[in-house]
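Take a look at the structure set out below.
Residue numbers start at 1 and run along the sequence shown. Order of appearance sets the numbers: ligands from 1, and atoms from 1 within every ligand. These numbers come from the heavy atoms of this one structure, side chains and all, not from hydrogens, waters or symmetry mates.
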Amino acid sequence: MVEDKTTVLLYGLGAIGGFYAFVLNRNEDVALSVVARSNYETVKQNGLLLKSENHGEHVVKPANIFKSCLEAKQTFDYVVCVNKATEQATAVENLRPVISENTTIAIMQNGVGNEEPFRAAFPRATIISGVVWVGAAQPELGVVTHTKAENTELGLYPNPDLDAAMERSRLDKFCSFFRNGGSSYIVYEDIQVQRWTKVIWNIAWNPITALTMLDTHEWMQKSSPEAVPMTKQLMRDAIDVAQRCGVNVDYGLVDVLLGRATKLAGFSSSMATDAREGRPLELDVIVGYPIRKANSFGMAVPTLRAVYALTEGLNYKLKQKL
Ligand SMILES: NC(=O)C1=CN([C@@H]2O[C@H](COP(=O)(O)OP(=O)(O)OC[C@H]3O[C@@H](n4cnc5c(N)ncnc54)[C@H](OP(=O)(O)O)[C@@H]3O)[C@@H](O)[C@H]2O)C=CC1
Ligand SMILES: CC(C)(CO)C(=O)C(=O)O
C-alpha cells in the first residue's frame with residue numbers, strides 16, 4: 001500500500017536522475033515520483049530505459065511522473081535533487097510545494113556550497129549531501145546509459161537546530177535505498193572533504209574538456225607540454241581555497257587525482273556535453289563558489305581565476321544563443 005511506503009521525489013530525470021530512479025525503484029518500500037522535463041512524454045508513455053554496464057537493461061516505471069512540483073500536490077519524505085545546479089534559487093522556489101518540516105533533502109550534484117540556499121529556504125529540513133562518482137549519459141530522451149563507474153558518497157550537512165540522532169536515522173534510511181537497490185555507497189562523517197575533492201577534480205576536467213573539446217588523455221598526453229603542469233597548478237589553486245575554507249585536503253591530492261584520470265580511459269565531462277548541446281554550464285557551483293571564497297580571503301589563485309574567466313566567456317556565449 002502506497003500509504004505505508006516512504007515517499008521519494010526525484011527532481012530532474014536526466015542521466016544521473018535516470019540511474020538513481022532505477023536504484024530507488026528497486027526498493028519495494030519506496031513510492032517513487034519524478035519530475036521530468038524534456039523527456040516527460042516519452043517516460044510517461046514507455047518508462048525510462050536504463051542500459052547499465054553493471055546492471056544490464058531495465059525499464060524503470062516510477063509510480064508518478066510529474067511535469068512540475070506543483071502537479072504533485074503533496075509533500076515527500078525525501079526530495080532528491082539531481083537537476084543541474086545552474087539556477088539554484090529557482091530550483092529552491094520550485095521545490096517549495098513538495099517540502100514540509102519532515103522532508104529530508106538530498107543534494108546529489110557536483111559543486112560546493114550547493115546546500116546553502118536550501119538551508120536558508122528550509123531551515124527545519126535535514127540535508128544529505130551526496131557526491132556522485134557515477135558515469136551516465138542520456139543519448140536520447142528516455143534512454144540512460146551507465147558506465148561501470150558507480151559509487152555514491154553520502155553524509156549529513158548537519159542542522160544544528162535538529163536532533164542529531166534523528167538526522168542520522170534519516171541518513172541511514174537513505175543509505176538503505178542504495179543497499180536494497182544494489183548500488184555501492186560510502187558514508188562520511190565530514191562529507192565536505194569528499195565534496196571538495198570531487199570539485200577539485202571537476203574544476204580541472206570540466207572546464208578543460210568544455211573549453212578544448214578534448215578528452216582527458218588527448219589533453220594530457222597529446223595537446224602540449226603545458227597541459228599537465230597547468231592542470232596541476234589549477235588543482236593546487238583549488239586546494240589552497242579549500243584549505244582556507246577549513247577543509248582537510250592537501251597537495252598530495254593532485255597526484256592522486258591525476259593518477260586516477262591517467263588510469264581511466266580518456267573521458268569528457270557533463271560540462272563539455274552541456275557546451276556541445278548549447279546548454280548553460282554548471283559553472284557557479286564548480287568554479288564560481290570557490291572563486292567567491294578566494295575573493296573573501298583576498299587570495300590571488302591566478303590559474304583558477306583565468307580558467308573561471310575563460311569558462312564564464314564560454315557560458316556567456318551559450319546563454320546568448322538560448
Ligand atoms: N552525468 C554524469 O556522469 C555525472 C553528473 N554529475 C552531476 O549530477 C547532476 C545531474 O547531472 P546529469 O544527470 O548529468 O544532468 P542531465 O542534464 O542529464 O539531467 C539534468 C536533469 O535536470 C533537469 N534540469 C536541468 N536544469 C534544471 C534546472 N535548472 N531546474 C530544474 N531541472 C533542471 C533536466 O531537464 P531537461 O530534461 O529539460 O534537460 C534533466 O532532467 C549534476 O550536478 C552533474 O554535475 C555528477 C557525476 C557524473
Ligand atoms: C563524469 C565526471 C566524473 C567527469 O569529470 C563528472 O563528474 C562530470 O562529468 O561532471
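If you check the side chains of Gln192 and Arg195, you find no donor sitting under 3.5 Å from an acceptor. Under 3.5 Å, the side chains of Ser223 and Glu218 contain no donor-acceptor pair of N or O atoms.
Of the heavy atoms in Thr273, none comes closer than 4.0 Å to ligand 2.
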Intermediate values then yes/no, side chain to side chain contact (heavy atoms under 4.5 Å, CB included), Ser269 and Thr273
CA-CA 6 Å; Ser269 70; Thr273 305; over 6 Å; no
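Residue contacts with ligand 2 include Lys198, since one of its heavy atoms falls under 4.0 Å from the ligand.
With respect to atom 6 (C) of ligand 2, the closest heavy atom belonging to the protein is Asn202 ND2, 3.6 Å. Atom 3 (C) of ligand 2 has its closest protein heavy atom at Trp201 NE1, 3.4 Å. The protein non-hydrogen atom at the shortest distance from atom 10 (O) of ligand 2 is Ser270 OG, 2.6 Å.
For Tyr20 and Phe177, the gap between ring centers reaches or exceeds 6.0 Å. Aromatic rings of Trp133 and Trp201 (six-membered ring for Trp) have centroids within the 6.0 Å cut-off, being under it.
The shortest non-hydrogen separation linking Leu258 to Met220 is CD2-SD, 3.8 Å.
Residue Asn110 has at least one N or O atom closer than 3.5 Å to an N or O atom of ligand 2. Considering backbone and side-chain N/O atoms, Trp205 never comes within less than 3.5 Å of an N/O atom of ligand 2.
His55 and Phe19 have tilted rings, their planes meeting at an angle from 30° to 60° on a 0 to 90° scale. A tilted orientation is assigned to the rings of Phe178 and Tyr185, their planes being inclined by 30° to 60°.
Counting only heavy atoms, the protein never gets under 4.0 Å from atom 1 (C) of ligand 2.
For the pair Pro207/Val287, a side-chain contact is recorded, criterion being any heavy-atom separation below 4.5 Å from C-beta on.
The ligand atoms of ligand 2 that sit less than 4.0 angstrom from a heavy atom of Ser269 are 9 (O).
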Does ligand 1 have any N/O atom under 3.5 Å from a protein N/O, and what are those pairs and their distances?
| from | atom 1 | to | atom 2 | distance (Å) |
| --- | --- | --- | --- | --- |
| ligand 1 | 1 (N) | Ala136 | O | 3.0 |
| ligand 1 | 3 (O) | Val134 | O | 3.3 |
| ligand 1 | 3 (O) | Ala136 | N | 3.0 |
| ligand 1 | 3 (O) | Ala136 | O | 3.2 |
| ligand 1 | 13 (O) | Ala15 | N | 3.2 |
| ligand 1 | 13 (O) | Ile16 | N | 2.8 |
| ligand 1 | 15 (O) | Lys84 | NZ | 3.2 |
| ligand 1 | 17 (O) | Lys84 | NZ | 3.1 |
| ligand 1 | 18 (O) | Ala15 | N | 2.9 |
| ligand 1 | 29 (N) | Thr86 | OG1 | 3.4 |
| ligand 1 | 35 (O) | Arg37 | NE | 3.1 |
| ligand 1 | 37 (O) | Ser38 | N | 3.1 |
| ligand 1 | 37 (O) | Ser38 | OG | 2.5 |
| ligand 1 | 38 (O) | Arg37 | NE | 2.9 |
| ligand 1 | 38 (O) | Arg37 | NH2 | 3.4 |
| ligand 1 | 41 (O) | Leu13 | N | 3.0 |
| ligand 1 | 41 (O) | Gly14 | N | 3.4 |
| ligand 1 | 43 (O) | Asn110 | N | 3.1 |
| ligand 1 | 43 (O) | Glu282 | OE1 | 3.4 |
| ligand 1 | 43 (O) | Glu282 | OE2 | 2.6 |
| ligand 1 | 45 (O) | Asn110 | ND2 | 2.8 |
| ligand 1 | 45 (O) | Glu282 | OE1 | 2.6 |

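With respect to the salt-bridge test (charged N to carboxylate O, under 4.0 angstrom), the residues Arg292 and Asp284 qualify.
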